[in-house]
**Student:** 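After the structure tokens below, expect a handful of questions from me.
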Amino acid sequence: MAIRFLNTYTRQLEEFRPLDPAGKSVKLYTCGPTVYNYAHIGNFRAYLFEDLLQRHLQARGYEVNRVMNLTDVDDKTIRGCQAAGLPLAEFTQKFKDAFFEDLKTLRVQPATTFPSATDPVYIARMIEMIAHLVEHGYAYQAEDKSVYFRLNKFPNYGKLAHLNLDELRPSGRISNDEYEKESIGDFALWKAWDAADGDVVWDSPWGKGRPGWHIECSAMSTALLGPEIDIHCGGVDNIFPHHEAEIAQSECCTGHRFVRVWMHCAHLMVEGQKMSKSAGNFYTLRNLLDKGYTGREIRYVLLSVNYRLPLNFTFESLAGARSALSRIDEWVERLTTQAASETNASGHPLAAQMRFEEALDDDLNISAALGVLFDIIRESNRALDQNALTPADARALLNWWNRVNAVLQFQREETAIPQTVLELVEARAAARAAKNWAASDEIRAQIDAAGWVVKDSKEGQKLTRK
RNA sequence: GGCGGGAUAGCCAAGUGGUAAGGCAGAGGUCUGCAAAACCUCUAUUCGCGGGUUCGAUUCCCGCUCCCGCCUCCA
């Protein structure tokens, strides 16, 4: 079965075919963070959706060349560095580092390239593109010295968002716009310097200033991936105007279609409400880690609902993730024990494997895919209980799990058992041999207090991390 | 006002023109010294509401209600 994605541009489920004539490599651009603060879990929902996309494409044999930009100059970063009394680069570096740490915590596979907007290479590229646009009449410098895109030169503007520009209701934001633009919708490509920018400034053919936000993605995408790419992702809130602007700039510069498939993930809600600082339900990844949740638990919650559906993030769902993950852990543990004597890596349960991957082929239907996984867990646990699962079966299931986990990244990380806990286990074994149940239970409590859970099985005591 | 996305058990959620996957939570049971884990059984006569098409609709059509998002630099 072919991979199919819902393309925002056409609103159709489309069979995925990469540009690459060999059908091997995929060009993927994903809008990254603005590094003025720690990213919040809503941001990470988008990055996890993109991670699932990338990993599934890889599982299907594609090589993914993925770019994720870092916006390290804009109004917020400038305001932030001024408030912190730091140079812009120093201020944003802190949040870039934090962002990469967070991605690691959430087991997000790094992009091939993480270009920064302020990299001189890309500043130069942006200026080059803007110059081209001005030269060909797609852009103009207004009296305020900023350079704007001339919207009426690009009739396709609005097609991605399916908006009719004539019917746009004026909102408060644009009525404040006092600039000398030809048309109210014209957006800035180059923003002329003003006092509020302080020392954040670059030279350009239009005088001192800084790039607009939209041109950044166009410059990086075309510079790193070429004029046309396979997939461009982001949150739904980027559809308009950001991605519309990207299309306009890029296509007017290159003369090519910019993106074949647009994919956008829906917003995250927290406890049924829009996440906002004023509502007190605003969480960065770090806030949740401080509350004792792990990266993979958060990954599970953020990944377990289809990307196109609004996701209601709750603490109940985090608790559910913990239970579901430990169910997976127990299963992997049992399979590993059972497979110990079997080293032959062949013999995949093909039908099951295919059902999992086919579910993801269908516009990343993660719920159906997880359904397949849990069905198999139940079936093989039952077989294990009945002593009907051979070591070869167990090995085959583990091989399958490794493929599944390459996409999901749900496996528990190995942790060394501390010496003190090992000693307690030994002491408990002695107590149990003597049928001293009171002592056995007391030691079990001590092990629990040390952060480990001990279970008694036919093969003896088993330890797992709490 | 325009455009778009939703409404399935206590919660999350899949899905199909033929009678409702899966996860979490809950109840009972098997196993266990007790636990834990695992397994078994149970938990939506029903898929927002009202019509229509059909032998049959949660799934198709029409109308309605409610929720959410976007509408010019928020993933």
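Within every chain, numbering begins at 1; the chains are lettered A, B, ... in the order of the sequence lines, protein sequences first and strands thereafter.
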**Student:** Considering only the P atoms, how many Å lie between B:A37 and B:C74, rounded to the nearest integer?
**Tutor:** 46 Å

**Student:** Need one value for A:Leu268: base, sugar-phosphate or nothing, where a base atom within 4.0 Å counts as base even if backbone is also close, heavy atoms only.
**Tutor:** base

**Student:** For A:His40, which contact category applies under a 4.0 Å heavy-atom criterion: base, sugar-phosphate, or nothing?
**Tutor:** base

**Student:** Find the partner of B:U72: check Watson-Crick (N1-N3 plus N6-O4 or O6-N4) and G-U wobble (N1-O2, O6-N3) distances, both under 3.5 Å, and reply none if neither fits.
**Tutor:** none

**Student:** Using Watson-Crick or G-U wobble geometry with both distances below 3.5 Å, tell me the partner of B:G28, or none.
**Tutor:** B:C40

**Student:** Among B:G33, B:A37, B:U72, which is the nearest nucleotide to the side chain of A:Trp437?
**Tutor:** B:G33

**Student:** Do the side-chain N or O atoms of A:Arg327 get closer than 4.0 angstrom to the phosphate oxygens (OP1, OP2) of B:G23?
**Tutor:** yes

**Student:** What is the distance, rounded to the nearest whole Å, between atom CE of A:Met269 and atom P of B:C12?
**Tutor:** 11 Å

**Student:** Taking 4.0 Å as the cut-off, does a side-chain nitrogen or oxygen of A:Asn365 come that near to OP1 or OP2 on B:G15?
**Tutor:** yes

**Student:** With ring centroids as reference points, do A:Phe187 and A:His214 lie under 6.0 angstrom apart?
**Tutor:** yes

**Student:** Of the residues in residues 371-380 of chain A, which ones touch RNA chain B at a heavy-atom distance under 4.0 Å?
**Tutor:** A:Gly371, A:Phe374, A:Asp375, A:Arg378

**Student:** For the base of B:C34, is there a side-chain donor-acceptor partner from A:Asp456 under 3.5 Å away?
**Tutor:** yes

**Student:** What distance, rounded to whole Å, do you find between the two P atoms, one in B:A14 and one in B:G51?
**Tutor:** 28 Å

**Student:** Give the rounded distance in Å between these two atoms: CZ of A:Arg11 and C1' of B:C70.
**Tutor:** 10 Å

**Student:** With P as the reference atom in both, quote the distance from B:G6 to B:A13 in angstrom, rounded to an integer.
**Tutor:** 12 Å

**Student:** I'd like the P distance from B:G15 over to B:G48, given in whole Å.
**Tutor:** 15 Å

**Student:** CD of A:Gln461 versus C1' of B:G33: gap in Å, rounded?
**Tutor:** 14 Å

**Student:** Side-chain N or O of A:Ser304 versus OP1/OP2 of B:C12: is the shortest distance under 4.0 Å?
**Tutor:** no

**Student:** Just how far, in rounded Å, is P of B:G22 from CG of A:Asn381?
**Tutor:** 15 Å

**Student:** How close or far is atom P of B:U72 from atom NZ of A:Lys191, stated in whole angstroms?
**Tutor:** 15 Å

**Student:** Rounding to an integer number of angstrom, what distance separates B:A57 and B:G50 when you compare their C1' atoms?
**Tutor:** 15 Å

